[in-house]
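Scroll down for the structure; my scribbles are underneath it.
Along the sequence shown, residues carry numbers from 1.
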Amino acid sequence: MKLLFERSRSGRGSTLLPACDVPAVDFDQSLLRTAPPRLPEISEIDLGRHYTELAKQTHGVNDGFYPLGSCTMKYNPRVNEEAAALPGFTQVHPLQPQETVQGALEVLHRAETLLCEITGMDAMSFQPAAGAHGEYTGLLLIRKYHQSKGDTARTKIIVPDSAHGTNPASATMAGFKVVSVPSNEAGGVDLDALRKAVGPDTAGLMLTNPNTVGLFDTNILEITQIVHDAGGLCYYDGANLNAVMGHVRPGDMGFDCVHLNLHKTFSTPHGGGGPGSGPVGCKAMLEPFLPAPRVKAVDGMYSFDTPQRTMGQVRGFYGNFLVVVKALAYLITLGKEGIPEASAGAVLNANYLMKKLMGHYDMAYHTLCMHEFVMTLQGLARDSGVTAMDVAKRLLDFGIHPPTMYFPLIVHEALMVEPTETESPETLDQAAQAFLDILAEAKADPESLHHAPHHCPIGRPDEVTAARDPILRYGFAE
Ligand SMILES: *Cc1c(COP(=O)(O)O)cnc(C)c1O
């Protein structure tokens, strides 16, 4: 496909800039460019076709099944986008006097109340811009808490090896030492290893639950008890709340703080790097340390508030406000019945698809899963040379976005499948059939799978070079 620069023809297209309506300013000559910018010159219709063609070459939730494990690529109702596009929300300024933005403050306050109810927390900040940012903020809460008690010896955060990769990264960013504890046979935290790992230097534990192999840790109450007995606090990575919301609450399981990914569970599309939101919720004893400002309600009026011993700001103003608007719209439309139904559907769909593939593909763990399941293609790779990468690539030819590959690291040749609750049984049946067809191909003609996909505009790019050495500028000839 040609780039816009390659389609450009001198003099083509039109610039319809409005007449200048502000006084001209005499800049220092050294600040002015000496040649006009080399923008592509292209007619409107060709520009439109260019972007339409690009759009057709990509795969999104609107195109087909997108079972990208850990990412919750579910359908986000359009009506929530409409709510977030209302001028009353988009045309306000974060520095406006608070009496003129009562509606916006009410959105933040109501979303906080509902999400605290869902998580079993007492307070929440919407400042963090994404999940990992929420983790970082939660860890700063834990640090501030220990500091406030004069306890500076607590420098370590315990992270099970089945945690999401951002957990150890965030703990390191927040200045803690990471202590890894292994998983047991069943895929949960090894309790004996945890007992050995805790001590007077334990600041806390970060638990991803359901963990990255899609399992709910059945020892969760014991885990939080062990950490609390050692004087540490418990952090719940709630990015996967889609699996449990409305059924269990981190706050009831002994957790002191939690982050959520509104851009997974609560109706903001993601995957393209757009605005997200990773609110962090906490129990009352951590509330004084939350980022400022917060919104409080007194006698029906909303106002800004600075927590007593706030950590300061982790982002400008109140976070990605419009993402919170979408989350609130989603919460209100689903209501008390719809929220647990959504997570039940996510778990049902994952188990349905897992069951259809079981006996054909090897599962990493042989129990009921939560919202996602992990397969290991080690045996297939050994017997036929066909890898998880080959299967993932071939799925593209079936119009299916590949599952997450080679993650979690504790499972070899892993494919991690998360169907989400918004898929129909027909779609799941078709997906299962695609997986089975590919398995038959792997036995009959493994070689051809090494070259899949066969029908996509791009097949096997050099991903390392693309990530490490991206070409972000057009190389003009002269
Ligand atoms: C997605 C995810 C994260 C990170 O969220 P970002 O918004 O990408 O920073 C953290 N933990 C888990 C379990 C996740 O699935």
- Task: Indicate, with yes or no, if the rings of Phe304 and Tyr318 have centres closer together than 6.0 Å.
- Result: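 Yes; Tyr318 has its ring centre under 6.0 Å from that of Phe304.
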- Query: Is the gap between the ring centers of His259 and Tyr136 under 6.0 Å?
  - Reply: no
Any donor-acceptor pair under 3.5 Å from [X] side chain to [Y] backbone:
| X | Y | answer |
| --- | --- | --- |
| Asp462 | Thr465 | yes |
| Glu413 | Ala388 | yes |
| His401 | His59 | no |
| Thr333 | Tyr330 | yes |
| Asp63 | Gly60 | yes |
| Thr310 | Pro307 | no |
| Asn219 | Glu222 | no |
| Glu287 | Cys282 | no |
| Ser162 | Asn211 | no |
| Glu81 | Pro77 | no |

Could you check whether any side-chain heavy atom of [X] comes within less than 4.5 Å of a side-chain heavy atom of [Y], counting everything from C-beta outward?
| X | Y | value |
| --- | --- | --- |
| Met311 | Thr137 | yes |
| Met1 | His50 | yes |
| Ser277 | Thr268 | no |
| Val347 | Phe216 | no |
| Lys264 | Asn242 | no |
| Phe407 | His164 | yes |
| Phe255 | Asn209 | no |
| Val391 | Tyr361 | yes |

- Query: Does the pair Glu112/Lys296 count as a salt bridge with the N-to-O cut at 4.0 Å?
  - Reply: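 Answer for the salt bridge query: no.
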- Message: Any salt bridge linking Glu463 with Lys393? Criterion: basic side-chain nitrogen under 4.0 Å from a carboxylate oxygen.
- Response: yes
Atom [atom1] of [X]: over 12 foreign heavy atoms under 6.0 Å:
| X | atom1 | answer |
| --- | --- | --- |
| Gln96 | CD | yes |
| Glu99 | CD | yes |
| Met173 | CE | no |
| Leu95 | CG | yes |
| Arg110 | CZ | no |
| Leu3 | CG | yes |

When rounded to the nearest 0.5 angstrom, what distance separates [atom1] in [X] from [atom2] in [Y]?
| X | Y | atom1 | atom2 | value |
| --- | --- | --- | --- | --- |
| Gln147 | Thr152 | CD | OG1 | 8.5 Å |
| Phe266 | Ile118 | CZ | CD1 | 4.5 Å |
| Leu215 | Glu372 | CG | CD | 9.0 Å |
| His228 | Thr202 | NE2 | OG1 | 12.0 Å |
| Glu423 | Met73 | CD | CE | 11.5 Å |
| Leu207 | Cys234 | CG | SG | 8.5 Å |

Search all heavy atoms of [X] against all heavy atoms of [Y] and return the closest pair with its distance.
| X | Y | answer |
| --- | --- | --- |
| Arg294 | Ala123 | NH2-CB, 3.6 Å |
| Ala197 | Val181 | CB-CG1, 3.7 Å |
| His263 | Ala130 | CE1-CA, 3.7 Å |
| Asn167 | Met206 | O-SD, 3.5 Å |
| Thr208 | Ala163 | OG1-CA, 3.5 Å |
| Pro168 | Val178 | O-CG2, 3.6 Å |

- Parallel, tilted or perpendicular: rings of Phe317 and His93 (30°, 60°):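 His93 and Phe317: perpendicular rings.
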- Measure up the Tyr302 and His109 rings against each other and bin them: parallel (under 30°), tilted (30 to 60°), perpendicular (over 60°). tilted
For [X] and [Y], which I'm curious about, is there any donor-acceptor pair between the side chains at under 3.5 Å?
| X | Y | value |
| --- | --- | --- |
| Lys326 | Asn76 | no |
| Thr376 | Asp362 | no |
| Glu418 | Ser70 | no |
| Ser267 | Asn80 | yes |

- Could you walk me through whether Phe65 and Gln430 pass the side-chain contact (heavy atoms from CB on, under 4.5 Å) test, one step at a time? CA-CA 10 Å; Phe65 193 39; Gln430 281 165 15; over 6 Å; no
- Task: Any salt bridge (charged side-chain N to carboxylate O under 4.0 Å, His left out) involving residues 245-256? Give me the pairs, sequence neighbours left out, ordered by first then second residue.
- Result: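 Qualifying pairs: Arg249-Asp252.
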- Message: Between Ser180 and Asp161, is the side-chain hydrogen bond (donor to acceptor under 3.5 Å, both in side chains) condition met? List the steps.
- Response: CA-CA 6 Å; Ser180 178; Asp161 66 1; 5.5 Å; no
- Message: With side-chain contact (heavy atoms from CB on, under 4.5 Å) as the criterion, how do Leu260 and Met124 come out once you've worked through the C-alpha distance, each side chain's angles and the decisive distance to 0.1 Å?
- Response: CA-CA 10 Å; Leu260 306 174; Met124 191 167 276; 4.1 Å; yes
- Query: Which of these passes salt bridge (charged side-chain N to carboxylate O under 4.0 Å, His left out) with Asp201: Lys156, Arg154, Lys177?
  - Reply: Lys156
- Query: Is there a side-chain contact (heavy atoms from CB on, under 4.5 Å) between Lys56 and Thr52 once you walk through the steps?
  - Reply: CA-CA 6 Å; Lys56 280 185 190 160; Thr52 303; 4.1 Å; yes
- Task: Apply the side chain to side chain contact (heavy atoms under 4.5 Å, CB included) test between Asn349 and each candidate in Thr420, Thr427, Thr422, Leu428; give the one that qualifies.
- Result: Leu428
- Might you work through the side-chain contact (heavy atoms from CB on, under 4.5 Å) test for Ile223 and Leu194, ending with a clear yes or no? CA-CA 8 Å; Ile223 290 170; Leu194 178 62; 3.8 Å; yes
